[in-house]
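Order of the sequence lines fixes the chain letters, A, B, ..., with proteins taken first and strands second; residue numbering starts at 1 for each chain. No experiment lies behind these values; they were computed from the predicted model shown.
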2 protein chains.
Amino acid sequence: MEEQNKKILLVEDDPNFGTVLKDYLMMNDYDVVHAKNGMEGFEKFKKDDYDLCILDVMMPYKDGFTLAKEIREKNTDVPIVFLTAKAMKEDVLKGYKVGADDYLNKPFDSEVLLMKIKAIMQRKATDTVADSKQFEFKIGRFDLNSKLRFLKFDGGEPTKLSPKENELLRLLALHENDLMPRELALTKIWRDDNYFTSRSMDVYIAKLRKYLKPDPNVEILNIHGEGFRLVINNQ
Amino acid sequence: MEEQNKKILLVEDDPNFGTVLKDYLMMNDYDVVHAKNGMEGFEKFKKDDYDLCILDVMMPYKDGFTLAKEIREKNTDVPIVFLTAKAMKEDVLKGYKVGADDYLNKPFDSEVLLMKIKAIMQRKATDTVADSKQFEFKIGRFDLNSKLRFLKFDGGEPTKLSPKENELLRLLALHENDLMPRELALTKIWRDDNYFTSRSMDVYIAKLRKYLKPDPNVEILNIHGEGFRLVINNQ
DNA sequence: TCTTTTGTTAACGTTAGGTTAAACATAATT
DNA sequence: AATTATGTTTAACCTAACGTTAACAAAAGA
């Protein structure tokens with residue numbers, strides 16, 4: 001069995017620092033793709049699958065946060081680490097809000113970075129890997145392609161799904177016929193669990209139910225106080 | 001609604017700092033158990049299940065690393081965050097080696113700590129794939145699915161159960177054909193044992209008897225002054 | 001008999017969820 | 001830069017679900 005190197009997307013506008021960091025990571029057996037700005041970073045992200053993104057916060061045109069948000073719309077799971085100029089508390093908090101896994105204050109120790117990367121990769125490894133790789137689902141007479149964010153009925157014209165619609169339906173599908181806890185969706189998709197995000201989720205459930213109406217054998221049931229259940233009656 | 005707070009084990013020998021931190025976390029809806037040293041920390045860890053451990057590194061007798069190692073031997077999954085005195089690189093690296101998820105340099109910003117905790121909890125939010133064994137019961141001609149909270153008769157249409165109905169029937173099923181003491185249900189389900197909760201429980205027993213009526217071989221008997229007994233006559 | 005415990009039904013108050021529409025935010029287009 | 005399209009959150013209103021309590025009846029034990 002051939003151990004595949006982990007792939008890292010590094011987005012850093014400082015050419016010197018970026019190159020040094022890239023080389024250092026490659027020396028430590030990571031495959032690194034280096035983008036010089038936010039735009040390029042997003043292009044490269046769309047073209048490939050990465051195990052980790054390291055984003056500089058301060059970049060011209062498109063800063064690290066904006067990029068992170070775009071990345072999160074495409075992929076809720078990939079770990080993101082920010083490089084912040086100094087101990088800017090605001091930046092750190094903002095980073096976590098857009099779904100960062102960690103941050104590092106520049107200048108930082110390269111060994112510490114390596115350890116952080118290792119720790120993050122390990123966490124991911126213990127997470128349900130099988131789940132994150134699954135992007136296509138058969139839901140009754142529907143086909144959900146979660147990567148392209150569309151839903152087909154009877155193989156006809158696909159309906160486009162918004163990022164949130166897509167993620168929610170995907171989570172439900174992953175738990176097909178079983179309980180999908182409210183809390184899970186809220187922490188995974190909304191990254192926060194409060195009254196308003198909860199109501200927001202209910203709104204999305206309503207939207208999904210509309211989409212799924214054409215097939216009477218598919219329904220989203222509520223389990224009061226617990227969550228939802230995507231039931232597929234196959235007859 | 002019984003949204004369970006996340007439980008944190010905080011091991012910190014400085015009594016002032018420890019108390020302040022504990023209060024701050026509790027203000028933010030975490031259940032916190034505070035241990036004053038490594039030994040006590042390990043004792044408390046063994047006695048309960050925690051969602052997160054926050055360990056001070058510098059402690060007399062047993063330092064945070066040693067404690068972390070012991071914790072890891074018992075549990076490979078629980079997230080651990082270290083509090084290090086300052087940016088001691090050695091400490092940070094050592095921390096990651098014993099399986100830390102993150103670290104914080106003292107003094108640290110409390111909001112940043114909160115965000116880190118949130119981020120860590122969210123990662124862990126990935127499905128607690130509870131074994132279905134514990135949640136499925138055969139009760140005469142009924143099937144109880146305690147996770148999805150429904151009761152099926154002869155494999156037909158499932159009847160939805162409310163949380164309390166479900167818990168109560170599950171407790172009875174766990175004690176099948178045996179005494180299920182009143183007090184047990186009251187403390188486990190109602191978390192209080194007084195006249196009113198007791199009457200409330202009787203109301204639920206009545207509801208359950210109605211649900212179970214279709215199978216004459218299943219009944220809930222009362223043992224005066226003691227509790228109830230779910231009897232299943234298999235002929 | 002008389003007291004305590006249990007059985008049962010109905011009424012009530014509270015919270016969670018379903019749904020729609022408006023407000024707000026952001027990205028895309030002109 | 002201004003406008004339009006798209007996505008998301010917030011607000012509002014309504015219904016359903018749930019749990020508690022009260023009230024009265026029946027049974028058990030003393």
Separation of [N] [atom2] from [X] [atom1] (nearest whole Å):
X	N	atom1	atom2	result
D192(A)	dT8(D)	CG	P	16 Å
F228(B)	dT8(C)	CZ	P	10 Å
N222(B)	dG29(D)	CG	P	9 Å
H224(B)	dT3(C)	NE2	P	15 Å
I223(A)	dA16(C)	CD1	C1'	14 Å
I220(A)	dG18(C)	CD1	P	10 Å
K207(B)	dA10(C)	NZ	C1'	11 Å
E70(A)	dA28(C)	CD	C1'	13 Å

Is [X] salt-bridged to [Y], cutoff N-O under 4.0 Å?
X	Y	answer
D102(B)	K116(B)	yes
E12(A)	K22(A)	no
D178(A)	R229(A)	no
D31(B)	K7(B)	no
R199(A)	D202(A)	yes

Check your understanding: Once you build an axis from the first five pairs and another from the last five of the helix from dT1(C)-dA30(D) to dT30(C)-dA1(D), how far apart in angle are they, to 10 degrees?
Key -> 20°
Review point. Would you say the side-chain atoms of S146(B) and N166(B) include a donor-acceptor pair closer than 3.5 Å?
Key: yes
**Study point:** Nucleotide nearest V203(B) when distance is taken to its side chain, options dT10(D), dA22(D), dT8(D)
**Key:** dA22(D)
Ignoring backbone atoms, establish whether [X] has a side-chain N or O less than 4.0 Å from OP1 or OP2 of [N].
X	N	value
K164(A)	dT9(D)	yes
T197(A)	dT9(D)	no
K210(A)	dG18(C)	no
R199(B)	dC24(D)	no
W190(B)	dG19(D)	no

Check your understanding: F45(A) vs Y50(A) aromatic rings, parallel, tilted or perpendicular, using cut-offs 30° and 60°?
Key -> parallel
Hey, does [X] reach any base, or is it just sugar-phosphate, or nothing, if we go heavy atoms under 4.0 Å?
X	answer
K160(A)	nothing
D202(A)	base
Y195(A)	nothing
R209(B)	sugar-phosphate
S200(A)	base

Review point. When the ring centroid of F65(A) is compared with that of F82(A), is the distance short of 6.0 Å?
Key: yes
